[in-house]
Novice: 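This is the structure, below, for whatever I ask next.
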Number of protein chains: 2
Amino acid sequence: MNQKDSTRYETRAKVLKALAHPTRLFIVDELSKGERCVCELTEMVRADISTVSKHLAVLKNAHVVSDEKRGNQVFYTLRIHCAPEFFRCVEHLLEEGSRETNPCTSQG
Amino acid sequence: MNQKDSTRYETRAKVLKALAHPTRLFIVDELSKGERCVCELTEMVRADISTVSKHLAVLKNAHVVSDEKRGNQVFYTLRIHCAPEFFRCVEHLLEEGSRETNPCTSQG
DNA sequence: ATTCTATTTGGCTAGTTAGCCAAATAATGA
DNA sequence: TCATTATTTGGCTAACTAGCCAAATAGAAT
């Protein structure tokens, strides 16, 4: 594993780490339906707004979402559109339980 | 967000958390080429074998890999075949930098 | 049974993260 | 300007994770 590869894996890890939290996954799911402001998301996750804001900062920092301020609200948009597809695959895998093969293969 | 949803996001998070480490991502990449034993992986990542073993345990626990003992070696196999595809998408996203759209969209 | 090789597990420390509250910042409107 | 609403940031503690070493476990070969 050379330097270039290390960097690649660290970069990937950063994105996955950002995604690897239930609340943030909920946010990603919600944003896959369209942009939402912080207050909308806060109401949905029922946590302190500062907590939600920090979760959004983590996602933004990992380039998973982007933000746009309009008036005194900040709207967040999902950037990583392949996420829902991947989650579907992950869930499929888990449902299959202990099977050896799964139909979620995407290698030619 | 109801109980069922919470569980769903926790389940997803578990898998993503398992993936969210440079060394484990390297392992996943390597296993995408075929099964490997612990000693092979250990040599490649140049870390203590106990560390590698623990990383593999994390991946196994999240159903990302499965293991099979043959002789006195343990061979690990990748189960989550959609991972490489997803990583490709993630990297694409990061290369695009700050663009609004990216071609990695997989929603019809 | 003993030794060798491969792997896992326990235990420890240092570093990271989550989530709350309080305070700061920013836009809006009176 | 001052108050109101929306959001971010700082600070703190509790919980979790990585990675090393040492010890335990397991199969193979002598």
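In what follows, every chain begins at residue 1, and chains take the letters A, B, ... in the order their sequences are listed. For clarity, every value in this text was computed on a predicted model and none was experimentally measured.
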Novice: At 4.0 Å (heavy atoms only), tell me whether Lys17(B) reaches a base, stays on the sugar-phosphate, or touches nothing.
Specialist: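 Sugar-phosphate, no base atom in range.
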Novice: Asp67(A) vs Thr77(A), test: side chain to side chain contact (heavy atoms under 4.5 Å, CB included). Steps then yes/no.
Specialist: CA-CA 6 Å; Asp67(A) 63 341; Thr77(A) 309; over 6 Å; no
Novice: Would you call the rings of Tyr9(B) and Phe26(A) parallel, tilted or perpendicular if under 30° counts as parallel and over 60° as perpendicular?
Specialist: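 Rings of Tyr9(B) and Phe26(A): perpendicular, over 60°.
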Novice: Can you pull the contact range of chain A along DNA chain C, 5' to 3', using atoms under 4.0 angstrom from its heavy atoms?
Specialist: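 Contacts span dT17(C) to dT28(C), reading 5' to 3'.
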Novice: How long is the line joining NZ of Lys60(A) and C1' of dT7(D), in whole Å?
Specialist: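 Roughly 11 Å, once rounded to whole Å.
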Novice: Please report, rounded to the nearest Å, how far the P atom of dG19(D) is from the CZ atom of Phe26(B).
Specialist: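 Rounded to the whole Å, the gap is 14 Å.
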Novice: With the criterion being N/O to N/O and under 3.5 Å, what pairs connect the protein with nucleotides 26-30 of chain D, and how long is each?
Specialist:
none

Novice: Going from CZ on Arg36(B) to CD on Glu43(B), what distance comes out if it is rounded to the nearest 0.5 angstrom?
Specialist: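 Output value for this atom pair is 12.0 Å.
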Novice: The test is side chain to side chain contact (heavy atoms under 4.5 Å, CB included); show your working for Ile80(A) and Val15(A) and say whether it passes.
Specialist: CA-CA 10 Å; Ile80(A) 192 168; Val15(A) 174; 4.0 Å; yes
Novice: Which is true for Thr23(B) with a 4.0 Å heavy-atom rule: it touches a base, it touches only sugar-phosphate, or it touches nothing?
Specialist: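 No contact at all - Thr23(B) keeps every heavy atom at 4.0 Å or more from the nucleic acid.
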Novice: Working to the nearest 0.5 Å, report the span between OH of Tyr76(A) and NZ of Lys60(A).
Specialist: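 Here the rounded value is 5.5 Å.
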Novice: Kindly check if the number of other-residue, nucleotide or ligand heavy atoms within 6.0 Å of CZ (Arg46(A)) is above 12?
Specialist: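 Counting neighbours around CZ of Arg46(A), 12 or fewer heavy atoms of other residues, nucleotides or ligands fall under 6.0 Å, so no.
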Novice: If you assign Ala47(A) and Gln73(B) each to the DNA chain C nucleotide with the nearest heavy atom, which residue ends up on the more 5' nucleotide?
Specialist: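 Comparing both residues, the 5'-ward one is Gln73(B).
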Novice: Counting any heavy atom closer than 4.0 Å, what does Tyr76(A) reach on the DNA or RNA strands: base, sugar-phosphate only, or nothing?
Specialist: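 Result for Tyr76(A) = sugar-phosphate.
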Novice: Would you say dT17(D) has OP1 or OP2 under 4.0 Å from some side-chain N or O of His55(B)?
Specialist: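 So the side-chain polar atoms of His55(B) never come under 4.0 Å of the phosphate oxygens OP1 or OP2 of dT17(D).
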Novice: Quick one: does any side-chain atom of Ser53(A) pair with a main-chain N or O of Ile49(A) as donor and acceptor, under 3.5 Å?
Specialist: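 No, the answer is negative, given that no donor and acceptor are paired below the 3.5 Å cut-off.
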Novice: Is any side-chain N of the basic residue among Arg88(A) and Glu91(A) closer than 4.0 Å to the acidic one's carboxylate O?
Specialist: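 No salt bridge links Arg88(A) with Glu91(A).
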Novice: CD of Glu43(A) versus P of dA6(D): gap in Å, rounded?
Specialist: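 Going from Glu43(A) (CD) to dA6(D) (P), I get 11 Å.
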Novice: Find the distance between CG (Leu25(B)) and CD (Glu10(A)) and round it off to the nearest 0.5 Å.
Specialist: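 Going from the CG atom of Leu25(B) to the CD atom of Glu10(A) covers 10.5 Å.
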Novice: Measure the distance from CD1 on Ile49(B) to C1' on dA24(D) and round it to the nearest whole Å.
Specialist: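 Result: 14 Å.
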